[in-house]
Amino acid sequence: MDTSATSVTFRDATDADVDALVALIESAYRGDASRAGWTTEADILEGQRTDPEGVLDVIKSPDSRLLAVERDGRIVACCQLEHRGEHAYFGMFAVSPTMQGAGLGKVVMAEAERQAREAWRVREMHMTVISVRDDLIAWYERRGYRRTGQMSPFPYGDERFGIPQRTDLQFELLVKPLV
């Protein structure tokens with residue numbers, strides 16, 4: 001199977017994509033399927049990463065877009081863009097585990113940054129990453145994001161975000177200038 005980042009198309013997700021998007025996001029981060037890629041959170045979180053309601057909320061929000069990335073008619077990656085005044089928020093980023101490591105994530109991120117810059121004229125992209133995900137944070141740093149040291153709590157007790165397997169989880173804000 002050719003897992004290159006070429007020949008993908010970007011479009012806004014629709015209600016009809018919800019089930020495929022939930023399956024993609026879950027496969028990239030949770031359970032044994034996620035271990036086929038390098039973005040797995042299976043060792044630090046069990047349970048779900050998202051649910052149909054959460055995905056639909058992003059699709060329906062007037063300030064958000066959920067980009068669906070297709071290859072050969074199948075959604076293989078996605079990301080959320082949310083307009084937050086002077087900056088955009090990048091989230092719900094997932095690449096199919098069988099396509100990870102082939103450059104698709106870089107392509108998706110670059111397109112998301114371009115679209116946020118052009119559509120909203122924002123000067124920065126923000127994201128939050130679980131602070132113990134050193135490999136993932138290093139990947140974002142290689143894409144120009146910087147650690148801010150600004151932390152926010154993990155929603156312990158809210159199983160919509162997973163079941164933590166450790167007690168030291170928190171989110172760190174990463175920022176990248178888009179100018």
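Here, residue 1 is the first one in the sequence, and each next residue gets the next number.
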Colleague: Pair His83, Val122 - check side chain to side chain contact (heavy atoms under 4.5 Å, CB included), show working.
Modeller: CA-CA 8 Å; His83 188 202; Val122 293; 3.7 Å; yes
Colleague: Any non-hydrogen side-chain atom of Trp139 less than 4.5 Å from a side-chain atom of Lys106?
Modeller: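 Side chain of Trp139 against side chain of Lys106, heavy atoms only: contact under 4.5 Å found.
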Colleague: Are Tyr140 and Leu136 close enough that some pair of their side-chain heavy atoms sits under 4.5 Å apart?
Modeller: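 Sidechains of Leu136 and Tyr140: in contact.
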Colleague: Under the side chain to side chain contact (heavy atoms under 4.5 Å, CB included) test, which residues partner Glu26, sequence neighbours left out?
Modeller: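 Checked Glu26 against side chain to side chain contact (heavy atoms under 4.5 Å, CB included); matches are Val22, Arg30, Gln48, Arg49, Thr50.
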Colleague: Under the 4.5 Å side-chain heavy-atom rule for ILVMFWY, direct or indirect, which residues accompany Leu173?
Modeller: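 Val175, which link up through side-chain heavy atoms under 4.5 Å apart, make up the rest of the cluster.
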Colleague: Using the salt bridge (Lys or Arg N to Asp or Glu O under 4.0 Å) criterion, which residues pair with Arg114? Sequence neighbours excluded.
Modeller: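 Residues passing salt bridge (Lys or Arg N to Asp or Glu O under 4.0 Å) with Arg114: Glu111, Glu118.
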Colleague: Any side-chain to backbone donor/acceptor pair from Ser61 onto Val58? Under 3.5 Å, distance only.
Modeller: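 A pair under 3.5 Å: no.
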Colleague: Are any side-chain N or O atoms of Gln100 and backbone N or O atoms of Val95, one a donor and one an acceptor, separated by less than 3.5 Å?
Modeller: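 Between the backbone of Val95 and the side chain of Gln100 there is a qualifying donor-acceptor contact (under 3.5 Å).
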Colleague: For a quick test of reading the model, state the closest non-hydrogen atom pair linking Met92 to Gly54 and the distance between them.
Modeller: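 Heavy atoms only, the tightest pair is CE-O, 4.1 Å.
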Colleague: What residues form a salt bridge (Lys or Arg N to Asp or Glu O under 4.0 Å) with Asp57, not counting sequence neighbours?
Modeller: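 Salt bridge (Lys or Arg N to Asp or Glu O under 4.0 Å) list for Asp57, sorted by chain: empty.
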Colleague: Under the salt bridge (Lys or Arg N to Asp or Glu O under 4.0 Å) test, which residues partner Asp15, sequence neighbours left out?
Modeller: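 Partners of Asp15 by the salt bridge (Lys or Arg N to Asp or Glu O under 4.0 Å) criterion, ordered by chain and then number, come out as Lys60.
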Colleague: State plainly whether the residues Arg35 and Asp43 are in salt-bridge range, i.e. N to O under 4.0 Å.
Modeller: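 A salt bridge is present here (some side-chain N lies under 4.0 Å from a carboxylate O).
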Colleague: Which atom names give the shortest non-hydrogen contact between Gly144 and Lys176, and what distance separates them?
Modeller: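 The pair with the smallest heavy-atom distance is O-CG, 3.5 Å.
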Colleague: Looking at every non-hydrogen atom in both residues, tell me the closest pair between Pro97 and Ser27 and how far apart they are.
Modeller: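 So the two residues come closest at CG-O, 3.0 Å.
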Colleague: Among all residues two or more places apart in sequence or in another chain, which pass the side chain to side chain donor-acceptor pair (under 3.5 Å) test with Tyr145?
Modeller: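 Tyr145 satisfies side chain to side chain donor-acceptor pair (under 3.5 Å) with Glu113 only.
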Colleague: Among all residues two or more places apart in sequence or in another chain, which pass the ring-ring contact (aromatic ring centres under 6.0 Å, His included) test with Phe90?
Modeller: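 Once residues adjacent in sequence are excluded, the partners of Phe90 under the ring-ring contact (aromatic ring centres under 6.0 Å, His included) criterion are Phe93.
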Colleague: On a heavy-atom basis, which atom in Ala112 and which in Leu81 lie closest, and how many Å separate them?
Modeller: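 Residues Ala112 and Leu81, closest heavy atoms: O-CD1, 3.6 Å.
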Colleague: Can you list, by chain and residue number, the hydrophobic cluster partners of Phe161 when the side-chain cut-off is 4.5 Å?
Modeller: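 Joined to Phe161, directly or through intermediates: Ile44, Leu45, Ile130, Val132, Phe154, Tyr156, Leu169, Phe171.
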Colleague: Please report the closest heavy-atom contact between Cys78 and Ile25, naming both atoms and the distance.
Modeller: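 Shortest heavy-atom separation between Cys78 and Ile25 comes out as SG-CG1, 3.8 Å.
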Colleague: Are the side chains of Ser34 and Glu41 in contact, using a 4.5 Å heavy-atom criterion?
Modeller: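 Side-chain contact under 4.5 Å: no.
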Colleague: Count the heavy atoms of every other residue, nucleotide or ligand shown that sit under 6.0 Å from CD of Glu159, and state whether that count exceeds 12.
Modeller: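 Result for CD/Glu159: open.
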Colleague: Would you confirm whether Thr39, through its side chain, and Ala28, through its main-chain N or O, come within 3.5 Å as a donor-acceptor pair?
Modeller: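 Flag set: sc Thr39 to bb Ala28 pair under 3.5 Å.
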Colleague: If we only count heavy atoms from C-beta on, is the Arg123 to Glu86 side-chain gap below 4.5 Å?
Modeller: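 In contact.
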Colleague: Sequence neighbours left out, what passes salt bridge (Lys or Arg N to Asp or Glu O under 4.0 Å) with Asp72? Give chain and number order.
Modeller: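 Salt bridge (Lys or Arg N to Asp or Glu O under 4.0 Å) check on Asp72 returns nothing, list empty.
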Colleague: Is there side-chain contact between Met127 and Met125, with at least one heavy-atom pair below 4.5 Å?
Modeller: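 A side-chain contact is absent here, since even the closest heavy-atom pair is not under 4.5 Å.
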Colleague: Restricting to side chain to side chain donor-acceptor pair (under 3.5 Å), what partner residues turn up for Thr14, sequence neighbours left out?
Modeller: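 Scan of Thr14 (side chain to side chain donor-acceptor pair (under 3.5 Å), adjacent residues dropped) gives Asp17.
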Colleague: Not counting sequence neighbours, list each pair that qualifies as a salt bridge (charged side-chain N to carboxylate O under 4.0 Å, His left out) and has a residue in residues 137-154.
Modeller: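 Output for this query lists Arg147-Glu172.
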Colleague: Could you go through the side chain to side chain contact (heavy atoms under 4.5 Å, CB included) check for Leu67 and Asp12 one step at a time?
Modeller: CA-CA 5 Å; Leu67 292 182; Asp12 287 335; 3.6 Å; yes
Colleague: Would you check, one step at a time, whether the test side chain to side chain contact (heavy atoms under 4.5 Å, CB included) holds for Thr148 with His126?
Modeller: CA-CA 10 Å; Thr148 65; His126 291 196; over 6 Å; no
Colleague: Could you tell me the separation between the CZ atom of Arg74 and the OG atom of Ser96, rounded to the nearest 0.5 Å?
Modeller: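 The CZ atom of Arg74 sits 5.0 Å away from the OG atom of Ser96.
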Colleague: Crowded around Arg160 CZ? As in, over 12 foreign heavy atoms under 6.0 Å?
Modeller: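 No.
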Colleague: Assigning hydrophobic clusters by single linkage (Ile, Leu, Val, Met, Phe, Trp, Tyr; side-chain heavy-atom cutoff under 4.5 Å), is Leu178 placed with Tyr89?
Modeller: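 No, separate clusters.
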Colleague: What I'd like to find out is whether the side chain of Val18 reaches to under 4.5 Å of the side chain of Ile59, using heavy atoms alone.
Modeller: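 The answer is yes, as the side chains (C-beta and beyond) meet within the 4.5 Å cut-off.
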Colleague: As an exercise, state the distance from CD of Glu82 to CH2 of Trp120, rounded to the nearest 0.5 Å.
Modeller: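 Here the rounded value is 8.0 Å.
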Colleague: Could you walk me through whether Ile75 and Arg11 satisfy the side chain to side chain contact (heavy atoms under 4.5 Å, CB included) test, starting with their C-alpha distance in whole Å, then the side-chain angles of each, then the deciding distance to 0.1 Å, before giving a yes or no?
Modeller: CA-CA 10 Å; Ile75 297 175; Arg11 64 174 176 80; 3.9 Å; yes
Colleague: Taking only residues two or more places apart in sequence or in another chain, which ones pass side chain to side chain donor-acceptor pair (under 3.5 Å) with Ser131?
Modeller: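 Result, side chain to side chain donor-acceptor pair (under 3.5 Å) vs Ser131: none returned.
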